2 protein chains.
Amino acid sequence: MTHISRKTIARVFLYIRTLDTLIRQKRNLISSKELARIVGVTDAQIRKDISNFARIGRPGIGYNTQELKDTLEEFVLQHNCVKLVLFGVGNLGTAILQYPGFQKNKIKIIAAFEKKEEKIGSVINGVRVYAAKDAPRIIAQKKADIGIIAVPERASQEVADMLVLSGLKGIVNFAPTTIAVPRNVMVKDIDFSIEFLSLFCNACM
Amino acid sequence: MTHISRKTIARVFLYIRTLDTLIRQKRNLISSKELARIVGVTDAQIRKDISNFARIGRPGIGYNTQELKDTLEEFVLQHNCVKLVLFGVGNLGTAILQYPGFQKNKIKIIAAFEKKEEKIGSVINGVRVYAAKDAPRIIAQKKADIGIIAVPERASQEVADMLVLSGLKGIVNFAPTTIAVPRNVMVKDIDFSIEFLSLFCNACM
DNA sequence: TCATATTTGTGAAATTTGTAACGAATGAAA
DNA sequence: TTTCATTCGTTACAAATTTCACAAATATGA
């Protein structure tokens with residue numbers, strides 16, 4: 001199979017999310033045109049994205065929602081569940097722990113880590129909070145996939161270094177600073193300030 | 001001035017963030033090469049981005065950090081402060097209200113709105129929580145720029161409709177669903193599930 | 001002064017990404 | 001059966017974005 005770009009994969013998850021809703025509404029069929037209208041891309045884009053994975057559309061008819069969803073999920077997730085570890089149980093960390101939008105069979109937060117003594121040992125929404133120093137052991141033991149950095153800016157590089165040493169291959173960084181990692185580790189930065197500011201800038205120009 | 005793309009603007013804010021740090025460290029000069037290394041892009045990219053706005057680099061020397069930061073900020077913000085309104089004072093909404101990373105002179109949350117009676121009237125981190133029905137009036141009165149949707153999925157479209165009617169030109173949507181808005185309203189979707197899943201997918205392929 | 005080492009700004013080339021268009025497949029209706 | 005309206009999958013095209021590469025500018029040191 002040819003290489004699939006990061007942008008395509010993000011769109012595929014959008015399609016899956018929408019198909020989920022359609023399936024719950026008992027919709028069996030959908031055309032690229034209508035799916036495009038819902039998710040806000042062009043129909044050609046949808047067909048092209050899907051054609052990376054399969055040929056399951058029927059001309060004149062469209063796609064079977066369940067079949068399409070299953071096919072896309074098979075390719076992007078391969079029946080895996082993503083195992084996350086969270087660093088920093090402050091306001092944002094707690095919000096992530098209690099986020100109701102995770103589909104439990106696809107995303108699971110397996111441990112949280114925190115420096116502050118008073119939070120260690122507590123359980124938030126079913127997730128235990130450990131001391132930061134125990135992280136490498138627990139990450140290896142439970143075979144985590146992705147680390148979430150929700151600690152203050154000054155601690156973010158230190159946490160990132162530890163995540164890399166623990167063998168994680170992906171990091172989502174909510175701290176408002178660039179973290180340095182080896183080329184083979186993927187980082188997704190989410191800086192609320194930059195999201196708000198750049199949207200404002202786009203909306204005004 | 002020629003049109004500046006969304007991606008370029010997001011990078012410019014990254015540069016500004018990094019320059020801020022350098023200035024605090026009393027660094028006066030920086031080359032495109034070193035800035036590139038810090039933020040993780042190529043030096044050519046940096047020079048090209050900057051050249052959209054000004055010609056203030058000196059060959060053989062580099063850029064003056066303060067001058068570069070001021071110039072970039074002048075173009076992307078024009079001395080404005082972004083005024084945000086927040087919808088939904090749940091876990092995520094509260095985390096955003098208490099987020100310590102906003103530079104107060106650039107970003108200000110001017111009001112929060114919530115349906116649940118018990119939260120209305122409270123003040124969180126200096127921001128007052130109003131009843132959702134008062135939103136249009138307050139948005140118009142205080143001239144808000146951007147709306148943040150941090151309500152449950154089922155209420156997100158309703159809130160989006162109201163934001164559009166209130167005249168906002170930008171929406172950051174944290175609800176895990178696509179919202180329908182007129183073409184002239186800019187939307188930035190941040191779906192935690194999709195961010196985590198697609199990073200996982202990228203890291204594994 | 002002159003050679004050398006940096007580093008910018010920019011036009012051209014390369015790459016990536018998205019769009020358009022069309023043949024082929026399908027079903028519905030006359 | 002034939003026609004018509006849909007819709008897919010794919011190829012060719014267009015647009016956007018990034019990288020390359022080099023002249024020009026600057027500083028340094030012999």
Side-chain angles (χ1 to χ4, degrees), chain A residues 1-15 18-19 22 27-69 71-72 75 183 186 198 201-202 205, chain B residues 1-15 18-19 22 27-69 71-72 75 183 186 198 201-202 205:
Chain A
M1 178 174 52
T2 171
H3 174 259
I4 311 291
S5 80
R6 203 158 166 160
K7 296 183 91 147
T8 302
I9 288 178
R11 277 196 303 271
V12 166
F13 280 107
L14 268 185
Y15 305 157
T18 306
L19 289 165
L22 291 167
R27 271 289 294 271
N28 289 320
L29 291 171
I30 191 154
S31 66
S32 57
K33 190 173 170 188
E34 189 180 358
L35 186 54
R37 195 187 47 73
I38 298 175
V39 305
V41 300
T42 65
D43 54 345
Q45 178 95 77
I46 298 231
R47 291 197 298 278
K48 191 152 204 182
D49 285 341
I50 293 172
S51 74
N52 281 305
F53 305 103
R55 296 175 49 183
I56 55 175
R58 289 206 299 159
I61 305 291
Y63 300 89
N64 178 292
T65 51
Q66 184 70 56
E67 184 188 13
L68 179 55
K69 184 198 154 201
T71 304
L72 295 178
F75 275 96
R183 192 90 37 101
M186 312 278 303
S198 61
C201 197
N202 285 126
M205 314 214 310
Chain B
M1 179 174 48
T2 172
H3 174 259
I4 311 291
S5 80
R6 204 157 165 160
K7 297 182 87 152
T8 303
I9 288 177
R11 276 195 305 271
V12 166
F13 280 107
L14 268 185
Y15 305 157
T18 305
L19 289 166
L22 291 168
R27 270 291 294 271
N28 289 321
L29 290 172
I30 191 154
S31 66
S32 57
K33 191 172 170 188
E34 189 180 358
L35 187 54
R37 195 186 48 73
I38 298 175
V39 305
V41 301
T42 65
D43 55 342
Q45 177 95 78
I46 298 230
R47 291 197 299 277
K48 191 134 217 179
D49 285 340
I50 292 172
S51 75
N52 281 303
F53 305 104
R55 295 174 54 180
I56 54 175
R58 290 206 298 161
I61 304 290
Y63 300 89
N64 177 291
T65 51
Q66 185 69 54
E67 183 187 12
L68 179 55
K69 185 198 154 202
T71 304
L72 295 178
F75 275 96
R183 193 88 39 101
M186 312 278 304
S198 60
C201 198
N202 286 126
M205 313 213 312

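Keep in mind that this is a model prediction, so the values were computed, not measured. Note on naming: letters A, B, ... go to the chains in the order of the sequence lines (proteins, then strands), and numbering restarts at 1 for each one.
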Do the side chains of N64(B) and I56(B) get nearer than 4.5 Å, heavy atoms only? no
Find the distance [X]:[atom1] to [N]:[atom2] and express it as a whole number of Å.
{"X": "I50(B)", "N": "dT8(C)", "atom1": "CD1", "atom2": "C1'", "result": "10 Å"}
{"X": "K7(B)", "N": "dT18(D)", "atom1": "NZ", "atom2": "C1'", "result": "9 Å"}
{"X": "L35(A)", "N": "dG9(D)", "atom1": "CG", "atom2": "P", "result": "13 Å"}
{"X": "K33(B)", "N": "dG9(C)", "atom1": "NZ", "atom2": "C1'", "result": "17 Å"}
{"X": "D49(B)", "N": "dT17(D)", "atom1": "CG", "atom2": "P", "result": "11 Å"}
{"X": "I46(B)", "N": "dC20(D)", "atom1": "CD1", "atom2": "P", "result": "15 Å"}
{"X": "D43(B)", "N": "dT6(C)", "atom1": "CG", "atom2": "P", "result": "14 Å"}
{"X": "R55(A)", "N": "dG23(C)", "atom1": "CZ", "atom2": "C1'", "result": "13 Å"}

Within the 4.0 Å heavy-atom criterion, would you say [X] contacts the bases, only the backbone, or no part of the nucleic acid?
{"X": "I56(A)", "result": "sugar-phosphate"}
{"X": "R47(A)", "result": "base"}
{"X": "G60(B)", "result": "base"}
{"X": "L29(A)", "result": "nothing"}
{"X": "R6(A)", "result": "nothing"}
{"X": "K48(B)", "result": "base"}

Dump the intermediate steps for side-chain contact (heavy atoms from CB on, under 4.5 Å) on V12(A) and I4(A), then the final yes or no. CA-CA 11 Å; V12(A) 166; I4(A) 311 291; over 6 Å; no
Check the pair Y15(B) / V41(B) against side-chain contact (heavy atoms from CB on, under 4.5 Å), numbers first and verdict last. CA-CA 10 Å; Y15(B) 305 157; V41(B) 301; 4.1 Å; yes
Short question: side chain of D49(B), backbone of I46(B) - any donor-acceptor pair under 3.5 Å? no
Distance-only, no hydrogens or angles: does the T65(B) side chain make a donor-acceptor pair with backbone N or O of R27(B) under 3.5 Å? yes
OP1 or OP2 of [N] less than 4.0 angstrom from a side-chain nitrogen or oxygen of [X], does that happen here?
{"X": "T42(A)", "N": "dT19(C)", "answer": "yes"}
{"X": "R11(A)", "N": "dT17(C)", "answer": "no"}
{"X": "Y63(A)", "N": "dT26(C)", "answer": "no"}
{"X": "Q45(B)", "N": "dT19(D)", "answer": "yes"}
{"X": "S51(B)", "N": "dG9(C)", "answer": "no"}

Measure from the side chain of [X], starting at C-beta and using heavy atoms only, and say which of [options] lies closest.
{"X": "S31(A)", "options": "dT18(D), dT10(D), dC8(D)", "result": "dC8(D)"}
{"X": "S32(A)", "options": "dG27(C), dT26(D), dC8(D)", "result": "dC8(D)"}
{"X": "S5(A)", "options": "dT8(C), dT17(C), dA21(C)", "result": "dT17(C)"}
{"X": "P59(A)", "options": "dA25(C), dT19(C), dA25(D)", "result": "dA25(C)"}

Assess whether a salt bridge exists between E67(B) and R58(B), defined as any Lys/Arg side-chain N lying under 4.0 Å from an Asp/Glu carboxylate O. no
On DNA chain C, does the nearest nucleotide to T8(A) precede the nearest nucleotide to R58(B) from the 5' side, or the other way round? Give the residue. R58(B)
Closest nucleotide of DNA chain C for A44(A) versus for I61(A): which of these residues is on the 5' side? A44(A)
